[in-house]
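Take a look at the structure set out below.
Atoms within each ligand, like the ligands themselves, are counted from 1 in listed order.
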Amino acid sequence: MLLPDTAARTAGDRLSVGGCDLVELAHRFGTPLYVFDEATLRARLRGYREALRQWPAGGEVLYSAKAYLGRAMVGILRDEDCGIDVVSGGELSIALEAGMPPAWIGFAGNNKDAAEVEAALGAGIGHLVIDSDHELDLLAASPRRPSAGALVRISPGIRPDTHDFISTGQLDSKFGFGVDSGQAMVALRRAIGVGAIDLRGVHMHIGSQIFDLRCYPAAIGIAAGLLAAARDELGFVARELSVGGGLGIAYTDDDDPPTPREFMSVVTESVGAVFGERGLPLPALLVEPGRSVAGPAGVALYTVGGRKEIPGVRTYVAVDGGMGDNIRPKLYGARYQPMLAGDAERRPVETVTIAGRYCESTDILAHDVELPRLVPGDVIAVPASGAYSLAMASNYNVNPRPAVVFVGDGRARLVRRRETLDDMLRCEVG
Ligand code: LLP
């Protein structure tokens with residue numbers, strides 16, 4: 001199912017999520033509106049966390065903040081005993097400000113600057129993911145002792161079956177130290193000697209929106225080979241392994257991704273087997289899911305406006321959002337399956353293309369989708385919108401970014417208000 005776990009049809013044949021009628025939410029908070037179902041967020045986190053509880057060497061779920069971040073999200077992570085993976089000083093600040101214990105924060109990203117490294121060490125975060133020699137230089141220059149934990153990010157040379165733009169594990173990537181090239185071993189050797197950190201192991205993240213999980217055992221095998229060599233050559237025994245995130249989600253009925261539990265069983269079986277074969281102690285496991293937590297929990301609501309019929313060519317139906325709140329269709333060719341939020345009696349009768357309101361012809365949310373005849377004022381819901389939409393939103397055409405509502409048990413709470421023109425003018429000077 002594409003909609004969040006709690007989705008239902010209400011008496012008036014309208015869609016509800018978390019016990020809240022979506023059309024009512026649209027009228028109450030305005031559109032575009034992003035609605036997150038708390039129950040789905042929690043269930044997805046638990047899928048990962050419960051699997052980790054069975055893992056003898058322990059581990060942590062560090063939700064990847066880049067998929068969607070806000071204070072309310074951090075609150076849910078804390079409730080669910082999950083930490084957070086941040087990739088910038090900004091994400092780090094929000095996580096800390098919202099009360100995430102520093103020890104549960106991992107800091108990844110490929111070009112952390114001196115201020116970010118200092119902020120992370122100063123806050124006492126759980127670990128830094130070292131992505132480059134430049135970061136090793138910054139850490140080596142830091143006078144700080146006691147140390148933060150650290151993992152060296154490796155690039156295992158695996159290309160998962162996903163869109164090129166979100167594939168990161170291959171050799172030709174800006175992320176991490178190559179294993180094949182020998183750079184990962186050099187980085188481990190160097191990191192062992194850096195006093196500001198306590199090197200615990202390696203990190204990898206091989207890509208995103210992955211359905212075929214076979215790339216994980218392949219990458220884990222390469223990491224184990226490297227760690228066995230590091231033990232033999234450097235006397236370094238890894239205590240932690242991060243496998244990153246990457247599990248895909250369903251955006252349309254054609255998608256059938258594995259579940260977080262299936263993902264975890266592939267990972268744990270493979271780590272157990274290959275670390276055993278190499279005589280390495282089982283590491284604590286870290287996972288960094290982003291999309292597979294936030295994505296299925298989020299629904300975007302839009303109000304229908306104008307319509308343009310080009311006889312024999314195409315019909316466009318325009319909505320009040322678009323590429324400013326969801327750039328994914330244009331950036332990655334992502335497909336979504338919009339649906340009418342009210343009046344389920346109206347059956348699909350036509351194929352239309354849902355266009356946004358941005359002044360650009362590439363601003364299309366969904367091409368050629370089957371929908372009932374839409375009229376101005378109809379509310380449409382776009383499922384699977386929770387990850388990488390709002391997080392990548394812009395003020396293109398000076399449009400305000402949408403409000404966010406969290407729903408559960410029939411209650412809706414506004415967790416981020418819609419931006420105003422004043423918000424957008426605030427940075428203008430002179
Ligand atoms: N860990 C690291 C180090 C990452 O770089 C990422 C995502 C994750 C974890 C979480 O991956 P996930 O579980 O969400 O697949 N904007 C793109 C996705 C970019 C992913 C970047 N890294 C999109 O909209 O498809």
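Across Val369, Leu365, Asn326, a single residue satisfies side-chain contact (heavy atoms from CB on, under 4.5 Å) together with Tyr336, and that is Asn326.
Proximity of Asp85 to ligand 1, defined as any heavy-atom pair under 4.0 Å, is confined to the side chain (atoms from C-beta onward). Neither the backbone nor the side chain of Met204 has a heavy atom within less than 4.0 Å of ligand 1. Counting heavy atoms closer than 4.0 Å to ligand 1, residue Ser208 contributes atoms from both its backbone and its side chain. Proximity of Arg328 to ligand 1, defined as any heavy-atom pair under 4.0 Å, is confined to the side chain (atoms from C-beta onward). Of all the heavy atoms of Tyr332, the ones lying under 4.0 Å from any atom of ligand 1 belong exclusively to the side chain.
Outside the 6.0 Å centre-distance limit, the rings of Tyr34 and Tyr68 are not counted as a close aromatic pair.
Atoms CD1 and CE, on Ile125 and Met100 in that order, are 12.5 Å from each other to the nearest 0.5 Å. One distance of note links CZ of Arg416 with CZ of Arg71; it measures 10.5 Å at 0.5 Å rounding. For the atom pair OG1 (Thr40) and CE (Met1), the distance works out to 7.5 Å, reported to the nearest 0.5 Å.
Distances from atom 6 (C) of ligand 1 to the heavy atoms of Glu288, Gln209, Lys66 put Lys66 nearest.
The shortest N or O to N or O distance between Tyr388 and ligand 1 is below 3.5 Å. Inclusion of Gly290 in the set of residues having an N or O under 3.5 Å from an N or O of ligand 1 is warranted.
Using a 4.0 Å cutoff on heavy atoms, Gly246 counts as a contact of ligand 1. At a 4.0 Å cut-off, not a single heavy atom of Ala67 sits close enough to ligand 1 to count as contact.
Every atom of ligand 1 is numbered from 1 in the order shown, and the set under 4.0 Å from a heavy atom of Arg291 is 12 (P), 13 (O), 14 (O), 18 (C), 23 (C), 25 (O). Within ligand 1, the atoms closer than 4.0 Å to a non-hydrogen atom of Gly245 are 9 (C), 13 (O), numbered from 1 in the order shown. Within ligand 1, counting atoms from 1 as listed, the ones closer than 4.0 Å to a heavy atom of Pro289 are 13 (O).
Using a cut-off of 4.0 Å between Lys/Arg side-chain N and Asp/Glu carboxylate O, Arg417 and Asp423 are scored as salt-bridged. The pair Arg335-Asp368 does not count as a salt bridge, with every side-chain nitrogen at least 4.0 angstrom from each carboxylate oxygen.
The backbone N or O of Tyr358 lies less than 3.5 Å from a partner atom in the side chain of Asp363, making a donor-acceptor pair.
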